[in-house]
Amino acid sequence: MREIQAGDPESEDLGSRAEQVLRDVFGYPAFRGEQKEIVTHLSGGGDALVLMPTGGGKSLCFQIPALVREGMGVVVSPLIALMQDQVAALEEAGVRAAALNSSMTWAQVQAVERKVRTGDLDLLYVAPERLLTDRCLELLDSAAQIALFAIDEAHCVSQWGHDFRPEYIRLAVLAERYPGIPRVALTATADDLTRKEIIARLHLQNARVFISSFDRPNIRYRIAEKLGARKQLLDFIRTEHAGESGIVYCLSRATVDDTAVFLAGHDVNALPYHAGLDNGTREAHQSRFIREDAVVMVATIAFGMGIDKPDVRFVAHLDLPKSIEGYYQETGRAGRDGLPADAWMIYGLGDVVQQRWMIDQSEAEEEYKRVITAKLDAILGLCETTECRRVRLLDYFGEASTPCNNCDNCLTPPEEWDGTEAARKLMSCVFRCEQATGFSFGAQQIIDILRGKSTPKVLQFGHERLSTFGIGADLDVAQWRSVLRQLVMLRLVKVDHERFNTLRLTDASREVLRGERQLRLRRPTQKAIPKRSERRLIDKSRVTLDVAESVGENETVYEALRAWRREISKEHGVPAYTVFHDSTLRELARTQPRSLDELRSISGIGATKLERYGSALLETLQTAGA
Ligand code: ADP
Ligand code: ZN
């Protein structure tokens, strides 16, 4: 089949057919970003590589061409556990979709295979290892027509990434076996190296590459100092996200377990998830997180890939992630539905010390250590910056932008101050202590001396006689900790993890001590971030929020709709969001349609859902609104 180029009359025709499918089947009024171009290109028979951030709307990019084109679309997806939910969401919208995977019974498999042969499917989801079996390839040969191949999470072909799956490399066979059938690879991984690898390994040299902006404007980035991790987390959840879904990332399994128990003990519906739990428990927790309305998953980074729950309202980091890539990927799981969401992190000196130590004592090659040290420094830079977090984040991925007015630094600008004098006091204190006693001391002791506190330990070592005793009484403990953390980050002071976390000077300290280097430091802000009710501060011109408006006075109607949705999702055995998204329920609560015709214009209500749920919705609205 000839490939259709943009601008052809045929291309315009394809574009309008795609728009019709978007409206009729999915109930959405318009394409987002580059979706239309991608959909038209694929519908016209071209290959594509799509790089789009999480929540950007990648699924529609292959689902719609599969419906526009003759035949069945084949979707390669790595996570069997999540396939069923994707299929359920499509079925709710009236699309003939099915999955083939190892968790199905023989009879179920045969039923799906029959549908493939008789041409009764629009979309087939299959795991790569299964697709590559002779049985499956022969099955595809027997299908009347294949519309396209979509390879989701395509970064899994990258041997350098942490999601590498060897079977992805063998997907290259699709290019030879099915020439002329369009293939699209999709990923949310932004870097250039991965992109090149996908093109080479999947034989996509002729594919058109679509790169979207990696900005996630509805996510509010916030990074604060760790003062009392659990209490800070609980306050954050209680005041801003009570009764909502979220993910809390921790570095270790032990912290995951402890934090989950702590939250659960304070009436938060929290569950743990990490590789140390048995399969059954992990799956049960994942499934509850996806299906229920307000579960908080406390997890290691083992959790998250492929989870496309749209209404995760916050992602919290209790420990510093190892890199900006990791931070971006993990925070990206918040707010896929485009509604406001929080990326909230706390970090402290302990994080820096621990992660540097882990790198130092690892057996890895020097070259590798250098790379991961640079990555750690980059995320530390993001934590300590006084500039817009988003600007910094996007800059890391090579994208230029302007201050966003939706991060903590934009909303409550931190002050910078000249910390040179404070740094010199602290450094001299470290130096004097060591000189006087012959060994070094930890942060607590140094700060006590600076502040002139005659603690038993200070008196024991005669530190009250040092010339630096009491020279830093002008700053409080928190301020000194903040100074110290920044000095450690800048490698002006070293924390010796192997010797009881004692403080040491470094070669670079001398420049500051001798007055050759000035230091601008960040002063911790005391001001609170504006609360949810004040979120209209978001700069709308940048945010593609579908329905950012709060439901306001219609909260009871919204709650009634949520309760109705809970019933339906239980009855059908599908996640709540596959029935309707929060954004659709919000729009319903706000506009309160009175007829089927009015319902039709609500985003997220397509023909099938209108037919299935239209009258029930009107009834619920009427009862709750009266
Ligand atoms: P990705 O796979 O890129 O992370 P999804 O395909 O899951 O993103 O889409 C994210 C969310 O945005 C989904 O809930 C989807 O229904 C919604 N969405 C995608 N495209 C549109 C659109 N054009 N209009 C309205 N909602 C959309
Ligand atoms: Zn900002």
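Remember, it's 1-based here, ligands and their atoms both numbered in the order they're listed.
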So is [X] polar-close to ligand 1, meaning N/O to N/O under 3.5 Å?
{"X": "Gly57", "value": "yes"}
{"X": "Gln35", "value": "yes"}
{"X": "Ala30", "value": "yes"}

Taking the six-membered ring for Trp, are [X] and [Y] closer than 6.0 Å centroid to centroid?
{"X": "Phe314", "Y": "His241", "answer": "yes"}
{"X": "Tyr613", "Y": "Phe580", "answer": "yes"}
{"X": "Phe210", "Y": "His41", "answer": "yes"}

Task: Carboxylate-amine/guanidinium contact Asp85 Lys309, below 4.0 Å - done: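 Between Lys309 and Asp85 there is no salt bridge, as every charged N stays at least 4.0 Å from the carboxylate O atoms.
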Task: Side-chain ion pair, Asp337 and Arg313, N-O less than 4.0 Å - done: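 Looking at Arg313 together with Asp337, the answer is yes, because their closest N to O distance falls below 4.0 Å.
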Open item on the list: Check this for me: Glu559, atom CD, are more than 12 non-hydrogen atoms of other residues, nucleotides or ligands nearer than 6.0 Å?
Closed with: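 Enclosed: over 12 neighbouring heavy atoms sit under 6.0 Å from CD of Glu559.
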Task: Asp152: which of Leu79, Leu186, Val50, Thr187 passes side chain to side chain contact (heavy atoms under 4.5 Å, CB included) - done: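 Result: among Leu79, Leu186, Val50, Thr187, Leu186 is the only option passing the side chain to side chain contact (heavy atoms under 4.5 Å, CB included) with Asp152.
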Going by the order shown, which atoms of ligand 1 are within less than 4.0 Å of some heavy atom of [X]?
{"X": "Thr54", "result": "4 (O)"}
{"X": "Gly55", "result": "1 (P), 3 (O), 4 (O), 8 (O), 10 (C)"}
{"X": "Ser59", "result": "2 (O), 5 (P), 6 (O), 7 (O)"}
{"X": "Phe31", "result": "23 (N)"}
{"X": "Leu60", "result": "19 (C), 20 (N), 21 (C)"}

Open item on the list: Check for me: within less than 2.8 Å of the Zn ion (ligand 2), which protein N/O/S atoms show up?
Closed with: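 Hits for the Zn ion (ligand 2) below 2.8 Å: Cys388 SG, Cys404 SG, Cys407 SG, Cys410 SG.
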Open item on the list: As a check for students: among Gln86, Gln63, Arg32, Arg336, identify the option with a heavy atom nearest to atom 17 (C) of ligand 1.
Closed with: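 That would be Arg32.
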- [ ] Only heavy atoms count here, so choose which of Lys58, Lys36, His581 is nearest to atom 13 (C) of ligand 1.
- [x]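 Going through Lys58, Lys36, His581 one by one, His581 has the nearest heavy atom to atom 13 (C) of ligand 1.
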Open item on the list: Whether the side chain of Glu399 engages the backbone of Ser213 through a donor-acceptor N/O pair (distance < 3.5 Å, no angle test) should be reported.
Closed with: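 Answer holds: no.
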Open item on the list: Return the OG1 to CZ distance between Thr385 and Arg392, rounded to the nearest 0.5 Å.
Closed with: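 If I round to the nearest 0.5 Å, the distance is 4.5 Å.
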Which segment of [X] sits under 4.0 Å of ligand 1 when only heavy atoms are counted:
{"X": "Ser603", "result": "neither"}
{"X": "Pro53", "result": "backbone"}
{"X": "Met52", "result": "neither"}
{"X": "Tyr28", "result": "side chain"}

Task: Heavy-atom gap Gly332 to ligand 1 smaller than 4.0 Å - done: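 The answer is no, since Gly332 has no heavy atom less than 4.0 Å from ligand 1.
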Open item on the list: Would you say that Ser401 contacts Asp215 through its side chain, given a criterion of any heavy-atom pair below 4.5 Å between the two side chains?
Closed with: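 With C-beta onward as the side chain, the pair stays apart.
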Open item on the list: Quick check: do Val75 and Gln63 have side-chain heavy atoms less than 4.5 Å from each other?
Closed with: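 No, side chains not in contact.
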Open item on the list: Can you list everything that forms a salt bridge (charged side-chain N to carboxylate O under 4.0 Å, His left out) with Glu325? Sequence neighbours excluded, please.
Closed with: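 Expected list: Lys375.
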Open item on the list: Minimum heavy-atom separation for His155 and Asp163, please, with both atom names.
Closed with: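 Closest approach of His155 to Asp163, heavy atoms only: NE2-OD2, 3.1 Å.
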